[in-house]
Enquirer: 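Below you will find the structure I want to go over with you.
In the text below, chain A, chain B and the rest are named by the order of the sequence lines, each starting its count at 1.
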2 protein chains.
Amino acid sequence: MDQLLDILKKNQLSVTEGRKKILGLFLNSPGALAHADIEKNTDASFDRVTVYRTLQTFVDKGIIHNIPTTDNSILYALCKDNCEAGHHHDNHVHFICDVCDKTICMDHVSVPEIKLPKGFKQRQADVVISGVCSDCK
Amino acid sequence: MDQLLDILKKNQLSVTEGRKKILGLFLNSPGALAHADIEKNTDASFDRVTVYRTLQTFVDKGIIHNIPTTDNSILYALCKDNCEAGHHHDNHVHFICDVCDKTICMDHVSVPEIKLPKGFKQRQADVVISGVCSDCK
DNA sequence: TGTTTTTTTGCAACATTATTGCATTTTTCT
DNA sequence: AGAAAAATGCAATAATGTTGCAAAAAAACA
């Protein structure tokens, strides 16, 4: 309940209806959300622009991060680790189901070490696995 | 030289100016290409629609694949392995440089085995690593 | 609590990116 | 070369993302 306010206040954000509602969606969603999901689940009670700006604010503050996708959609998910403003450091494994098309953030799966050629320096690693999820198998 | 024709013919595609030019770009490019890159490098000699359709055709045939990105751009790269039409099976590691913003397809880096929770079946794995590339370090 | 300051929101307009149908052109096959 | 098939360009349309500015809401302060 107050988790919402906690997160917003910790990040020095004004508490508004829009931010509460959108952050609530993330807290109650197991997977990642696309912009369209958010618009759908807020009953169009907010302007598109507000959604865009809210998401951007959350990313800036390190509350959510975006997930690489192969289509041209942008997916967002909560940062579970202690991301700081402007500096995300989670190495995520995401799973996209070919059947139901859901994206699931696999918190319990760790990203293995990857050996890069000389001269390359890794900051962040995102792994996107496609296949069939446990619900659709 | 005839590599172009080879690829097109092997995939039962008509040989047209557009396809030759676009495929040529991929063959001569070390990294991945965005739609915008292609339009830029073809001197607007083709309609935007043609570029879209050509890229889609190449993806369908398994000549190129698209790469997950965290912004809303779509990147394409040649399939090095023997992808078949409608069935890509390359496990790619891609590197996005924070400095020069280039995307590099790391053919020599293999994707490590990732253990998924029970019930999940992996088809493809994409790894996107961001950091600083060897040119910018 | 009421007032001022700061921040956020909504609207409108605009920009960019992607898609579809159809007539014309190009390519392929014989 | 001629017929059939496929690809292209154009126009219109849709979807998606951005910006400026005035109104509204939230925060700060007395």
Enquirer: Is B/Ile129 close to B/Met106 at the side-chain level, that is, under 4.5 Å between some pair of heavy atoms?
Expert: no
Enquirer: Select one nucleotide: of C/dT7, C/dT28, D/dG17, the one nearest the side-chain heavy atoms of B/Val15.
Expert: C/dT28
Enquirer: Would a 4.5 Å heavy-atom cut-off, applied to side chains only, mark A/Ile63 and A/Phe26 as touching?
Expert: no
Enquirer: Taking only the side-chain heavy atoms of A/Arg48 (C-beta and beyond), determine which of C/dT19, D/dG17, D/dT19 contains the nearest atom.
Expert: D/dG17
Enquirer: Any donor and acceptor pair, going by atom type alone, linking the side chain of B/Asp47 with main-chain N or O of B/Val49 inside 3.5 Å?
Expert: yes
Enquirer: Among the nucleotides C/dT7, D/dT8, C/dT28, which one has an atom lying closest to any side-chain atom of B/Thr50?
Expert: D/dT8
Enquirer: When you measure from the side chain of B/Arg53, which nucleotide among C/dT8, C/dA18, C/dT20 comes out closest?
Expert: C/dT20
Enquirer: Rounded to the Å, how far apart are B/Phe46 CZ and C/dT25 P?
Expert: 18 Å
Enquirer: Which part of the nucleic acid, if any, lies within reach of B/Ser45 when heavy atoms closer than 4.0 Å are counted: base, sugar-phosphate only, or nothing?
Expert: sugar-phosphate
Enquirer: Side chain of B/Ile74, heavy atoms from C-beta onward: which of D/dA6, D/dA26, C/dA18 has the nearest atom to it?
Expert: C/dA18
Enquirer: Between atom NZ of B/Lys137 and atom CG of B/Asp135, what is the distance when rounded to the nearest 0.5 Å?
Expert: 10.0 Å
Enquirer: Taking the nucleotide of DNA chain C with the nearest heavy atom to each, does B/Glu17 or A/Thr16 sit closer to the 5' end?
Expert: A/Thr16
Enquirer: Rounding to a whole Å, what distance do you find between B/Lys20:NZ and D/dA7:P?
Expert: 15 Å
Enquirer: As a test of reading the structure: which of C/dG10, D/dG17, C/dT7 is closest to the side chain of A/His35, going by heavy atoms?
Expert: D/dG17
Enquirer: Of all the nucleotides listed (C/dA12, C/dT8, C/dA18), which has the minimum atom distance to the side chain of A/Val49?
Expert: C/dA12
Enquirer: If each of A/Gln12 and B/Ala36 is mapped to the nucleotide of DNA chain C with the nearest heavy atom, which maps nearer the 5' terminus, i.e. the 5' end?
Expert: A/Gln12
